[in-house]
Amino acid sequence: MELKCRHSQKKIEQVEAPKSFFREKVIKKTSKHIIFVIISFFIANTFLAYIIGSDSLIKIIKEPVTQHWVGFLSIWVFTTVFYLVYSQVRELVCTVICPYGRLQGVLIDEHTLVVAYDDVRGEPRGKLSRLETTSAVKGDCVDCGLCVDVCPTGIDIRKGTQLECINCTACIDVCNEVMGKIHKPANLIGFFSENMIREKEKPTFTGRMMGYSAVILVLVGVLSYFIISRSDLDVTIMRSPGMLYQEQPDGYVSNMYSAEVINKTNHPKNITLTADDPAIKIKYIQKPGTIAKEGSVKAMFFVLIPSKNIHTPKTMVNVQVIINKQIVKTVSTAFVGPIN
Ligand code: SF4
Ligand code: SF4
């Protein structure tokens, strides 16, 4: 087939590329995809460590594959997903899959600072020929197209704010380089609000910004509270179902309980249970003993209260969890007994 130049319509002579060109291309492409797989593998491991914890991930890596089929397959499933994102899906993740852009669209108004093209200054755009001076065109945009070329999501910011913009600022940097070369002020593309461009308004802290800041402060506060108040142990104590009380021959009344203690730390814990009232006794059927790190134990025990101390059908008993002679948690539970 005969090829012609789009502009001059001159015939283009077709030259067969040397074999070394194809070899180089194959080497470059293969190396690129190997690097993609390595990065994807690293990210997949980090992601899995975030979900299952670094200790479990190290176990999957160190121990035989046959003992961790699920973990091993998960690493490769995540690696494949990240590799496909890198090599195939690419900017579609930002423009179609990621909800961040959609969310941003409903949050902004004419006062919001976004990456924007100053069309008041830039238009009418026009190319500069070598013989022209910069004053030969009215607007500052020389229509070089570099802001579109560098945009990772392939949009033209000169058409206005778009959902696809991920605020990477690559267009700002490249346009500033162009402005420098043609001796025009920087920031033809920059962080502007609609009103800054049209009304020459200065950036202000609007009511909407105050509202969003307040919401963020509340969220940060709630998150901080949960992090600070997070306890090392989770303790659940329940009276055994289907049983009322037992009257003991030594003047005590007993209730049977089951407990589960979860150790959320990275250290084993040796725990015992006591009641805060010295008159109340605890008699174990199954001791909690030592809980492995990130493990849990179950315990069964009787709580015994002198019958003379029971004055209501339901008495609240405080069971204390003791580690190294320190009370680390107190759990209240109901005790049923006969009224004296
Ligand atoms: S990089 Fe700047 S000068 Fe070039 S087309 Fe984009 S806005 Fe115009
Ligand atoms: S900030 Fe980034 S994503 Fe947005 S238009 Fe500029 S180059 Fe494109």
Side-chain angles (χ1 to χ4, degrees), residues 5-7 32 35-36 39-40 43 81-206 208-209 212-213 216:
C5 171
R6 228 168 14 149
H7 302 292
K32 183 180 85 174
I35 292 170
F36 280 172
I39 295 173
S40 307
I43 295 175
V81 169
F82 286 120
Y83 168 72
L84 288 176
V85 168
Y86 269 136
S87 61
Q88 308 298 324
V89 191
R90 302 177 74 92
E91 71 271 11
L92 278 181
V93 175
C94 308
T95 57
V96 178
I97 301 170
C98 177
Y100 178 65
R102 319 275 138 178
L103 184 67
Q104 249 192 347
V106 296
L107 295 177
I108 63 174
D109 65 4
E110 65 279 9
H111 300 285
T112 311
L113 287 176
V114 289
V115 175
Y117 164 70
D118 185 348
D119 59 331
V120 172
R121 188 187 135 191
E123 300 297 320
R125 69 186 79 152
K127 287 203 184 295
L128 269 185
S129 82
R130 281 190 193 161
L131 299 175
E132 278 175 334
T133 62
T134 50
S135 58
V137 286
K138 279 190 188 154
D140 283 357
C141 175
V142 292
D143 205 15
C144 61
L146 285 175
C147 51
V148 182
D149 293 344
V150 297
C151 180
T153 59
I155 58 170
D156 185 347
I157 194 66
R158 293 172 300 170
K159 291 181 182 165
T161 306
Q162 292 151 69
L163 278 182
E164 290 84 355
C165 178
I166 53 168
N167 294 324
C168 70
T169 70
C171 54
I172 298 180
D173 296 342
V174 78
C175 188
N176 281 345
E177 278 177 30
V178 176
M179 291 297 113
K181 282 180 190 161
I182 62 169
H183 309 295
K184 293 273 184 182
N187 295 332
L188 177 59
I189 303 175
F191 275 104
F192 305 121
S193 70
E194 175 82 20
N195 280 0
M196 280 168 73
I197 295 172
R198 305 259 164 268
E199 320 288 339
K200 301 294 167 213
E201 180 191 89
K202 292 245 177 302
T204 45
F205 198 58
T206 60
R208 184 185 278 239
M209 289 179 195
Y212 291 157
S213 307
I216 289 177

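Numbering of ligands and ligand atoms starts at 1, following listing order. All values below were derived from every heavy atom in this structure, side-chain atoms included, with hydrogens, water molecules and symmetry-related copies excluded.
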Just how far is it from atom CG of Leu188 to atom CD of Glu123, taken to the nearest 0.5 Å? 8.5 Å
In ligand 1, the atoms that come under 4.0 Å of a heavy atom of Met179 are 3 (S)
From OG1 (Thr204) to CD (Glu201), nearest 0.5 Å: 5.0 Å
dist Arg158:CZ -> Asp156:CG (nearest 0.5 Å) comes out at 4.0 Å
Atom 8 (Fe) of ligand 1: protein N, O or S atoms that are less than 2.8 Å away, sorted by chain: Cys141 SG
Please check: side-chain N/O of Ser40 versus main-chain N/O of Tyr83, any donor-acceptor pairing under 3.5 Å? yes
List in chain and number order the residues that pass side chain to side chain donor-acceptor pair (under 3.5 Å) with Thr161, two or more places apart in sequence or in another chain; answer none if no residue qualifies. none
Would you mind listing every salt bridge (Lys or Arg N to Asp or Glu O under 4.0 Å) that reaches into residues 168-182, with sequence neighbours excluded? none
Number of protein N/O/S atoms that sit closer than 2.8 Å to atom 4 (Fe) of ligand 2: 1
Would you say Lys200 has more than 12 foreign heavy atoms packed within less than 6.0 Å of its NZ? yes
Less than 4.5 Å apart, side chain to side chain, heavy atoms only: is that true for Ile189 and Cys171? yes
How long is the span from the NE2 atom in His111 to the CD atom in Glu199, to the nearest 0.5 Å? 9.5 Å
If you measure from CG on Asn167 to OG1 on Thr169, what distance do you get to the nearest 0.5 Å? 8.5 Å
